[in-house]
Asks: 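Handing you a structure now.
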2 protein chains.
Amino acid sequence: MTATQELTKNQSLVFDALTRAEGPLSAYTILDQLRNNGFRAPLQVYRALDKLLDYGMIHRLESINAFVACSHPHDHGHSHGMIAFAICEKCGQVSEFSDDVITARVREWTNGNGFKPSKTTIEIRGVCANCGTA
Amino acid sequence: MTATQELTKNQSLVFDALTRAEGPLSAYTILDQLRNNGFRAPLQVYRALDKLLDYGMIHRLESINAFVACSHPHDHGHSHGMIAFAICEKCGQVSEFSDDVITARVREWTNGNGFKPSKTTIEIRGVCANCGTA
DNA sequence: GTTCGTATGTGATGTTATTACATTAGTCAA
DNA sequence: TTGACTAATGTAATAACATCACATACGAAC
């Protein structure tokens, strides 16, 4: 799965909504935006979100219960490491970055403790440069 | 706020419930455990949790909507850095650690990007050593 | 004792996510 | 073409998590 064309109808609608938004959306916000496209129930959104997460095309922001389109569309899994998110609590903007040192350091801990990681969440909430100076 | 004695009645009850548990509990699980102590409504739990979070005596695990007693009771704020959690998806056990390198690396990013962090979440979900070998 | 801040009690409501079950559509093989 | 299988979808109900609004009680300061 590498291109939007291979998505199903519902998956495309949800992915497009997230891409248009340029910021995180809750599942229910997506649902409301897609009512004109025939969406009636939360499950239609959640099912699409699950697949898009599988495909690495979107991310879930655990600390705010919202979803955002991946900002590195040509590197879906960020194959080399974990991703960190900086979430502005004023404007909602999300910056996505990955850091090899952090990745290595986390892996050190998990290796040293016999812990098999499946998913790692790194989320920094605060105020972005724009909102901080304004 | 440094000792359990200074907590209010509800705060003590909630904190004790979390301490007894030796693992994360959801707000509603705590509520159910405290019904015999006069708890009737979620807000009683959430208010106590908010305070305990303020005091640094407990942590909130964003990725599983649960709360856990701080495992470093003599260093409530882990004053020097951010805390990471390794959460076992089999047995629910949570390991808490802090890593200066990760802390520094995150701070580098935020400084470099003019981002003022207020709260940072690092949660590793996976399978702990015990559950992995069993 | 009045005032004020903090804590508490209670019901209703808001928000996020899942379960259960029915239906539709596509694929592949006999 | 039919049948069997799998993936996607539709829908209603419910579960799980969290907050709002308002009333009451308690304790310290004056």
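Just so it is clear: chains get the letters A, B, ... in the order the sequence lines come, proteins before strands, and each one is counted from 1. These values consider heavy atoms only, across backbone and side chains, with no hydrogens, waters or symmetry-generated copies.
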Asks: Scan residues 20-30 of chain A against DNA chain D and write down, sorted by residue number, each residue with any heavy atom closer than 4.0 Å; if none is found, say none.
Replies: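 Listed by number, there are none.
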
Asks: Has the side chain of A/Asp99 got a donor or acceptor atom that lies under 3.5 Å from a matching backbone atom of A/Val101?
Replies: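 At least one qualifying donor-acceptor pair exists.
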
Asks: Expressed as a whole number of angstroms, how long is the span from A/Asp54:CG to D/dA8:C1'?
Replies: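 That distance rounds to 14 Å.
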
Asks: Measuring from the side chain of A/Arg40 (C-beta onward, heavy atoms only), which nucleotide among C/dG9, C/dT10, D/dT11 has the closest atom?
Replies: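 Closest nucleotide to the A/Arg40 side chain: D/dT11.
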
Asks: Roughly how many Å is it from CD in A/Glu62 to P in C/dT16, rounded to a whole number?
Replies: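 From A/Glu62 CD to C/dT16 P: 14 Å.
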
Asks: If you pin B/Leu43 and A/Ala41 to their nearest nucleotides in DNA chain D, which one's is more 5'?
Replies: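 It is A/Ala41 whose nearest nucleotide is closer to the 5' end.
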
Asks: Quick one: on DNA chain C, does A/Arg47 or B/Asn10 contact a more 5' nucleotide (nearest heavy atom)?
Replies: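 So the residue in question is B/Asn10.
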
Asks: Choose from D/dT9, D/dT19, C/dA7 the nucleotide whose nearest atom is closest to any side-chain atom of B/Tyr46.
Replies: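 Given the options D/dT9, D/dT19, C/dA7, the side chain of B/Tyr46 is closest to D/dT19.
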
Asks: CG of B/Asp50 versus P of C/dA7: gap in Å, rounded?
Replies: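 So the CG-P distance, B/Asp50 to C/dA7, works out to 11 Å.
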
Asks: Using whole Å, report how far CG of B/Leu49 lies from C1' of D/dA18.
Replies: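 Nearest whole value for this atom pair: 11 Å.
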
Asks: So for atom NZ, which belongs to B/Lys116, do other residues, nucleotides or ligands contribute more than 12 heavy atoms lying within a distance under 6.0 Å?
Replies: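 At most 12 heavy atoms, drawn from other residues, nucleotides or ligands, come within 6.0 Å of this atom.
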
Asks: Applying side chain to side chain contact (heavy atoms under 4.5 Å, CB included) to B/Lys51 and B/Tyr55, what does each step give before you reach the verdict?
Replies: CA-CA 6 Å; B/Lys51 287 295 185 186; B/Tyr55 302 155; 3.9 Å; yes

Asks: When you measure from the side chain of B/Gln11, which nucleotide among C/dA7, D/dA8, C/dA17 comes out closest?
Replies: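 Nucleotide nearest to B/Gln11's side chain: C/dA7.
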
